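Down below is the structure, laid out as structure tokens.
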Amino acid sequence: MLEIKFVRQNLERVQAALAARGDAADMKVFEDADEQRRTILAQIEELRHKRNVVSEQIAQMKRDREDAESLVLEMREVSATVKELEKKLSGHEAVIDEIVMGIPNIPHESVPAGKDETENTLYRKWGEPPEFGFFPKPHWEIGEALKILDFETASKITGARFPLYMGAGARLERALINFMLDIQTGEHGYTEILPPFMVNRTSMTGTGQLPKFAADLFKIEGWDYFLIPTAEVPVTNIHQNQILDESEFPICYTAFTPCFRSEAGSYGKDTRGLIRQHQFNKVELVKFSLPETSYDELESLLENAETILKRLELPHRVVTLCTGDIGFSAAKTYDIEVWIPSQGVYREISSCSNFEDFQARRANIRFKRKGKKGTELVHTLNGSGLAVGRTVAAILENCQTGDGSVIIPEALRPYMGGLERITGS
RNA sequence: GGAGAGAUGGCCGAGUCGGCUGAAGGCGCUCGCCUGCUAAGCGAGUGUGUGGUGAAAGCUGCACCGAGGGUUCGAAUCCCUCUCUCUCCGCCA
């Protein structure tokens, strides 16, 4: 959420930022409602002031055993007026709220302009796509042949777009989770979190999934709870409604969770394999930062995520999302994309964003500086470190051999009980 | 699922028959004094949000005692609804 004052004073800029995202909002409606709200608020406050003062008089008169009846009657009138005005006020506030909650973050100045993902810019690249000497198979074919992935059975159990891992496949998923967590906690200093996998509406609103993106979420019937679409939601909300101390920063958390996404509107995309599922595992990185260092923190968070791919020797690149492709809450986002040989393209495996104070304002996460009055909003950041299912897909495809077996990256072998290769038998 | 208790400022914790309580007291924190260092001690200050005014320090309005509604001239205090937390019983991995 942007600050209302900021929106009011930067109408054109907000409008422009919206346009850059290919979005639009009617700022005229906002302007009108905002002006009305302020006018009425001034009236209300004046009346309440009067009432406070007079009530004090009444109290004094009663103590002195004087007759205060006429003042009481007058104040009865005032209270009625206030009540009326308050009703009007809340109407305007609802309008403003809806508009402001629906305004996405303003992109950072370093974000390239562009209309969609085709205009994202390359930030850096690591490794070279492997040469196979045969046509690389898609990971679902490899996985099914090795009997470590079974999508058909998963759809029998639940439905389309759910994964079922078996044997070495299940082990591989688990190994990756541990591998990722160990690096982030042991080498990069993140604190491990294991949060609830369902959250309430307030938390979802705090990080920006609600109210605008309800259609992407799974809701629990009979409860106002939602399955988390990412650990970002429960982990960022750890500090919801808190005032942190300047000395605590940066606060770095990492969490493994399953993620649940209904992915409305993505029909027909990636219908096969692990790339796009209603449920997938992810190790997430979340940071709380001082405003002045948040962009440095974004760079280091990005590196922390990339480390995983380097250790796994998976070729990848980093792109900076352009204004048209950046997410609703983010001010700047890097996507890490891993090479998928069967498709001959790089596919997103991590998304690292700085939200600046956008989420902090919604979730009310602030901090205090030593010796300074008042509070400031913190900056929040997060990134995948990494999406586990997509990592499995990348390993199966990049490490496949002509005989259908898959060579396990060396760094992962300790987590696989020393296993070097997944074979059919 | 059944029975009970509770929700107050950064934290702990008072709030009497509704008015002088934005909130006692303590802790913590900040500044100053004192002390050979540390500790202790002494003094002063210290909520959040939002608006006005001011160059600034500051002054000042309004709101906020879990959330929402109600009663009243006036509510942290009374009434209703909801949420959450805790304890006991039952059930359960």
Side-chain angles (χ1 to χ4, degrees), chain A residues 1-9 30-31 33-97 100-101 194-206 210-211 219-220 222-226 234 237-249 251 258 288 290 357-378:
Chain A
M1 182 168 68
L2 300 173
E3 193 182 7
I4 293 185
K5 198 179 356 179
F6 175 86
V7 176
R8 175 161 60 232
Q9 292 168 351
F30 169 83
E31 242 185 315
D34 184 52
E35 197 179 323
Q36 295 252 34
R37 181 189 72 92
R38 296 209 289 160
T39 308
I40 294 171
L41 193 60
Q43 291 169 9
I44 289 177
E45 290 197 353
E46 199 184 320
L47 288 173
R48 286 205 280 228
H49 174 56
K50 185 174 178 190
R51 189 179 63 188
N52 287 344
V53 171
V54 176
S55 288
E56 192 50 45
Q57 269 177 43
I58 292 172
Q60 188 56 48
M61 287 170 84
K62 293 217 163 175
R63 263 178 251 131
D64 297 344
R65 301 190 178 274
E66 290 175 39
D67 178 33
E69 193 55 24
S70 70
L71 284 181
V72 169
L73 288 176
E74 195 186 328
M75 286 308 103
R76 190 172 295 170
E77 199 79 3
V78 169
S79 278
T81 311
V82 167
K83 202 162 281 185
E84 252 172 66
L85 288 173
E86 278 172 344
K87 197 167 284 176
K88 275 201 211 166
L89 180 73
S90 69
H92 294 303
E93 278 176 341
V95 171
I96 292 166
D97 237 52
V100 173
M101 289 293 261
L194 188 60
F197 300 160
M198 294 180 202
V199 300
N200 60 30
R201 183 173 295 273
T202 304
S203 294
M204 280 293 185
T205 306
L210 289 177
K219 177 147 195 311
I220 306 300
W223 296 72
D224 207 22
Y225 293 169
F226 302 81
N237 277 287
I238 286 174
H239 296 299
Q240 173 205 115
N241 272 317
Q242 282 190 354
I243 300 173
L244 301 162
D245 192 89
E246 181 185 15
S247 63
E248 299 179 66
F249 296 96
I251 299 171
F288 299 82
L290 294 171
D357 62 15
F358 189 87
Q359 292 181 328
R361 184 171 295 108
R362 289 177 165 238
N364 192 25
I365 308 170
R366 294 168 293 160
F367 74 98
K368 219 173 162 55
R369 289 190 199 269
K370 220 178 172 61
K372 271 192 114 178
K373 279 202 162 183
T375 60
E376 293 175 50
L377 292 165
V378 310

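Since the structure is predicted, the reported quantities are computational estimates derived from the model, not experimental observations. These values consider heavy atoms only, across backbone and side chains, with no hydrogens, waters or symmetry-generated copies. Chain identifiers are assigned alphabetically (A, B, ...) following the order of the sequence lines, protein sequences preceding nucleic acid strands; residue numbering begins at 1 within each chain.
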Using the [atom1] atom in both, what is the distance from [N] to [M], to the nearest Å?
{"N": "B:rA23", "M": "B:rU16", "atom1": "C1'", "answer": "15 Å"}
{"N": "B:rU46", "M": "B:rC89", "atom1": "C1'", "answer": "47 Å"}
{"N": "B:rG9", "M": "B:rC65", "atom1": "P", "answer": "10 Å"}
{"N": "B:rC11", "M": "B:rU83", "atom1": "P", "answer": "25 Å"}
{"N": "B:rC20", "M": "B:rA5", "atom1": "P", "answer": "30 Å"}
{"N": "B:rC79", "M": "B:rU72", "atom1": "P", "answer": "16 Å"}
{"N": "B:rU77", "M": "B:rG19", "atom1": "P", "answer": "11 Å"}

*For the residue pair A:Ile44 and A:Ile40, establish whether any side-chain heavy-atom pair is separated by less than 4.5 Å.*
yes
_Sub-4.5 Å side-chain heavy-atom contact between A:Leu244 and A:Ile365_ =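 They are in contact (side-chain heavy atoms under 4.5 Å apart), so the answer is yes.
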*Only pairs at least two apart or in different chains count here, so list each salt bridge (Lys or Arg N to Asp or Glu O under 4.0 Å) that has a residue in residues 54-71 of chain A.*
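Of all non-adjacent pairs touching residues 54-71 of chain A, none passes salt bridge (Lys or Arg N to Asp or Glu O under 4.0 Å).
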To the nearest angstrom, how far is [X] atom [atom1] from [N] atom [atom2]?
{"X": "A:Asn241", "N": "B:rC84", "atom1": "CG", "atom2": "P", "value": "16 Å"}
{"X": "A:Phe367", "N": "B:rC29", "atom1": "CZ", "atom2": "C1'", "value": "17 Å"}
{"X": "A:Met75", "N": "B:rA75", "atom1": "CE", "atom2": "P", "value": "13 Å"}

For [X], give me all partners under salt bridge (charged side-chain N to carboxylate O under 4.0 Å, His left out), at least two apart in sequence or on another chain.
{"X": "A:Arg366", "answer": "none"}
{"X": "A:Glu74", "answer": "A:Lys50"}
{"X": "A:Glu86", "answer": "A:Arg48"}
{"X": "A:Lys368", "answer": "none"}

For nucleotides 17-23 of chain B, tabulate all protein N/O to nucleotide N/O atom pairs closer than 3.5 Å, reporting atom names and distance.
from	atom 1	to	atom 2	distance (Å)
B:rG19	O2'	A:Arg63	NH2	3.3
B:rG19	N2	A:Ser55	O	3.1
B:rC20	N4	A:Arg63	NE	3.3

*Quick one: closest heavy-atom pair of A:Ser203 and A:Asn237, and the distance?*
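Result for this residue pair: O-ND2, 2.9 Å.
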*A:Pro234 to A:Val199 - nearest heavy-atom pair and separation*: CB-CG1, 4.0 Å
*Rounded to the nearest 0.5 Å, how far does CG of A:Asp34 lie from CZ of A:Arg8?*
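One gets 4.5 Å once the value is rounded to the nearest 0.5 Å.
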Might you list the N or O atoms of the protein lying below 3.5 Å from N or O atoms in nucleotides 68-72 of chain B, with each pair's distance?
from	atom 1	to	atom 2	distance (Å)
B:rU71	OP2	A:Lys83	NZ	3.2

*asked:* Generate the contact string for nucleotides 48-64 of chain B. Rules: B means base contact, S means sugar-phosphate contact only, - means no protein heavy atom under 4.0 Å.
replied: SS-S---------BSS-
*Mind checking ring-ring contact (aromatic ring centres under 6.0 Å, His included) for A:Tyr225 and listing every partner two or more places apart, or none if nothing turns up?*
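Expected list: A:Trp223.
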*Of all residues at least two apart in sequence or in a different chain, which pass the ring-ring contact (aromatic ring centres under 6.0 Å, His included) check with A:Phe249?*
A:Phe367
*At under 4.0 Å, does any side-chain N or O of A:Tyr225 touch on OP1 or OP2 of B:rU83?*
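For A:Tyr225, the contact criterion (side-chain N or O under 4.0 Å from OP1 or OP2 of B:rU83) is not met.
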*Mark yes when over 12 heavy atoms from residues, nucleotides or ligands other than A:Glu77 sit less than 6.0 Å from its CD; otherwise mark no.*
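Check fails, neighbour count at 12 or below.
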*Check side-chain hydrogen bond (donor to acceptor under 3.5 Å, both in side chains) between A:Arg37 and all other residues, then give those that pass, not counting sequence neighbours.*
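Residues passing side-chain hydrogen bond (donor to acceptor under 3.5 Å, both in side chains) with A:Arg37: none at all.
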*RNA chain B in dot-bracket, Watson-Crick or G-U pairs under 3.5 Å, [ ] crossing, | other strand?*
(((((((..(((......[.....)))((((((.......))))))(((((((....))))))).(((((..]....))))))))))))....
